[in-house]
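Data block below; observations after.
The first residue of the sequence shown is numbered 1, and numbering continues consecutively from there.
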Amino acid sequence: MRSAGLFGRLKAAVVGVVHVGALPGTPRSSLPLTQIIDKACEEAEIYKDAGVDGLIVENMHDLPYTVCPGPEITAAMTVISAAVRQTCPHLALGTQILCAANQEAMAVALAAGLDFIRAEGFVFSHVADEGIINACAGSLLRYRKQVGAENIQIFADIKKKHSAHALTADVGVAETALAAELFLADGVVLTGTATGLPADPRELKEVKDAVKIPVLIGSGVTLENMRSYLDANALIIAGSYSFVPLQTSISDVKNCQVPSNTQGVIMMGTFLPELTVKEKTSH
């Protein structure tokens, strides 16, 4: 199982998400790229010090998303991801480029020395906020082969959040996971219906029973519900939606651990701009 070596544990690895600032050319862009890079590296450093098993660099603030982000987004994500890699040379690192820019994410991962990507629309079609997203597994894996990036793993969202799945209403979540496995995904990502909403623990069991590849939980994990997801291979945590109230120092975050009988998962308060400011002022 490739993800065990990637994250260093078989179950309940913790993967943090670095939500980079709105990138140049997007409607909410206000910061120079150098400042965006600095902030991303500061967040990554806090995650690293808190003991996460991996990180994903994501352009969450590029609202509204487009299915065809321009080359400036790929370029910006490459330099940001390369800087995060320098900050965290020993962590498993990945990237996701919204919306469904999976080949672009693969190119970024290859250029920046990352380990994996999170991919939307890997198998089956769905209707997302941005429009109809069609399956990309065939073209994405051929692209990965062509550019010599077969060491980069693909974790594929199934029954993607913020989307309508009436087109595949007769295809269950386990069948979708099986299709992703058949089409050579390295793992699948299970979420709630929207960012911050929890995945259904029954669906986790259903998918885990159906496939042999890793299953990651991609939204809504909190201190209150995390025990429902300890059978997942990884828990993706991000933003103000996760875990515990903001801590006032790195040491507070590092000390916020669950007992050893829950696999030693480190739970941490994460939305980090405020936390970063507090850390800077405390030095």
I need the Leu216 CG to Arg118 CZ distance, nearest 0.5 Å.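 Separation between the atoms: 8.5 Å.
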Side-chain contact, heavy-atom cut-off 4.5 Å: [X] with [Y]?
X: Glu130; Y: Pro64; value: no
X: Glu42; Y: Ile46; value: no
X: Thr176; Y: Phe124; value: yes
X: Arg28; Y: Asp62; value: no
X: Leu91; Y: Lys48; value: yes
X: Pro214; Y: Asp186; value: no
X: Asp231; Y: Lys205; value: no
X: Lys160; Y: Val189; value: no

Would Leu110 and Arg144 count as a side-chain contact (heavy atoms from CB on, under 4.5 Å) if you check the C-alpha gap in whole Å, the side-chain angles of each, and the deciding distance to 0.1 Å? CA-CA 9 Å; Leu110 179 62; Arg144 182 174 70 171; over 6 Å; no
Just do the side-chain contact (heavy atoms from CB on, under 4.5 Å) check on Glu206 and Val173 with the steps written out, would you? CA-CA 8 Å; Glu206 186 180 352; Val173 67; 3.8 Å; yes
What's the verdict on side-chain contact (heavy atoms from CB on, under 4.5 Å) for Val188 and Ile213, showing C-alpha distance, side-chain angles and the deciding distance? CA-CA 7 Å; Val188 293; Ile213 58 176; 3.9 Å; yes
Ile97 with Ile133, same ILVMFWY side-chain cluster at under 4.5 Å: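 Not linked; separate clusters.
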Going by the side chain to side chain contact (heavy atoms under 4.5 Å, CB included) test, name the single residue among Asn59, Ile73, Thr66 that passes it with Thr26.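 Only one option passes, and that is Ile73.
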For the side chain to side chain contact (heavy atoms under 4.5 Å, CB included) test, which of Ile152, Asn151, Leu93 pairs with Asp115?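 Output: one option passes, namely Leu93.
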Taking atom types as modelled, find out whether Lys161 and Thr195 have a side-chain donor-acceptor pair closer than 3.5 angstrom.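 Short answer, yes.
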ring-ring contact (aromatic ring centres under 6.0 Å, His included) partners of residues 65-117, not counting sequence neighbours, each pair once: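 Sorted pair list: Phe7-Phe116, Phe116-Phe155.
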Heavy-atom pair of closest approach, residues Ala112 and Thr78: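 That would be CB-O, 4.0 Å.
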Verify, without hydrogens or angle tests, whether Tyr229 (side chain) and Ala199 (backbone) share a donor-acceptor contact under 3.5 angstrom.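 The answer is yes, because a donor-acceptor pair under 3.5 Å joins these two groups.
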Can you label the angle between the His61 ring and the His19 ring as parallel, tilted or perpendicular, going by 30° and 60°?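 Taking His19 first and then His61, their aromatic rings stand perpendicular (interplane angle over 60°).
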Dump the intermediate steps for side-chain contact (heavy atoms from CB on, under 4.5 Å) on Phe122 and Leu140, then the final yes or no. CA-CA 8 Å; Phe122 190 74; Leu140 180 59; 4.2 Å; yes
Check this for me: Ile132, atom CD1, are more than 12 non-hydrogen atoms of other residues, nucleotides or ligands nearer than 6.0 Å?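 Not buried by this count: 12 neighbours or fewer within 6.0 Å.
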